[in-house]
Amino acid sequence: MRAAPSTVDLLLVPLHRWVWADVGRRARKLLRFAETEADGARDLSRAAELTRDPSLRSLYLRHADDEQRHAVLFRRRGRELFDSSRGSVFEANWLAPGERGLDDLDVGSESDESLLAFLHLSEKAAAGRFVVYEKVLDCDPQTRAVFARILKDEEYHMTYTRKQLARLAPRRSGLRLWQARVGRLWKAYLRVASALAAMLGTVMLALQYFVVLPLFALFAKRAARREPEGYARSRIGLKLENQY
Ligand SMILES: [Fe+2]
Ligand SMILES: [Fe+2]
């Protein structure tokens with residue numbers, strides 16, 4: 001199976017080009033990708049431990065090995081670029097997320113079928129994105145070569161997961177893929193919702209700090225101006241029998 005970018009990723013090619021143009025941002029993104037790939041390798045090793053299917057076990061182990069190698073490749077290139085750049089930059093991870101790993105999937109609670117369906121969709125999405133990244137990285141042939149090399153493995157991952165799903169669930173593979181799609185959509189919604197909540201939280205705090213607090217400070221100043229200066233007499237007729 002050949003990887004193909006999604007329509008959204010194709011429409012966003014100019015934005016992807018902008019995201020990858022900055023050397024510092026490129027370095028940070030590659031280091032983040034390395035973390036995700038290593039995380040995916042750990043999850044796949046766990047999946048290999050849990051499955052009762054011997055051929056799936058060897059495929060998962062090979063897959064884990066591939067993801068670990070991708071982590072090394074991304075980390076190495078990220079460090080090379082990091083050394084030649086300085087300062088912190090906006091990474092735009094929501095726009096160019098790379099391979100999402102297993103999206104914090106609880107491997108232990110998945111069946112072989114649902115895990116294969118989820119893996120197939122994840123690998124397909126990642127492979128499609130890597131095609132776009134490779135396309136927009138004409139300014140950096142070395143990073144482009146890293147993506148080209150990894151893309152071959154991602155295509156293999158998306159192919160074997162599809163074939164294995166068809167072997168294990170010849171009649172239900174379409175249903176399993178749809179279920180996995182719904183799960184991914186839900187996770188995408190949660191990612192967008194939490195990003196939006198974080199942004200709204202920042203806006204609300206900024207408004208409180210720069211608009212609400214200065215207003216209170218102004219009222220406090222005006223109230224302070226109305227207070228008589230110096231010694232003030234105590235209220236007349238105050239009885240000292242109780243505290244009120
Ligand atoms: Fe990978
Ligand atoms: Fe992969």
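FYI, side chains are in, hydrogens and waters are out, and symmetry mates aren't considered; it's all heavy atoms of this structure. For ligands, and for the atoms within them, numbers begin at 1 and follow the listed sequence. Along the sequence shown, residues are numbered consecutively beginning with 1.
Ring geometry, His63 versus His157: the interplanar angle falls under 30°, so the pair is classed parallel (tilted spans 30 to 60°).
The Fe ion (ligand 1) lies at the vertex of an angle of 90° between the OE1 atom of Glu67 and the ND1 atom of His70 (rounded to 10°). Here the Fe ion (ligand 2) is the vertex; the OE1 atom in Glu123 and the ND1 atom in His157 give an angle of 90° (to 10°).
Shortest distance from the Fe ion (ligand 1) to Glu154 is reached at OE2 (N/O/S atoms only). Closest approach between the Fe ion (ligand 1) and any N/O/S atom of Glu37 involves OE1.
Between Lys135 and Asp9, none of the side-chain N atoms (NZ, or NE/NH1/NH2) sits under 4.0 Å from a carboxylate O, so this pair counts as no salt bridge.
Cation-pi geometry between Arg62 and Tyr160 is not met: the NZ or CZ atom fails to fall both under 6.0 Å from the ring centre and inside 45° of the normal.
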Verdict with reasoning, Arg46 to Glu49, per side chain to side chain contact (heavy atoms under 4.5 Å, CB included): CA-CA 5 Å; Arg46 179 75 185 131; Glu49 264 178 9; 2.6 Å; yes
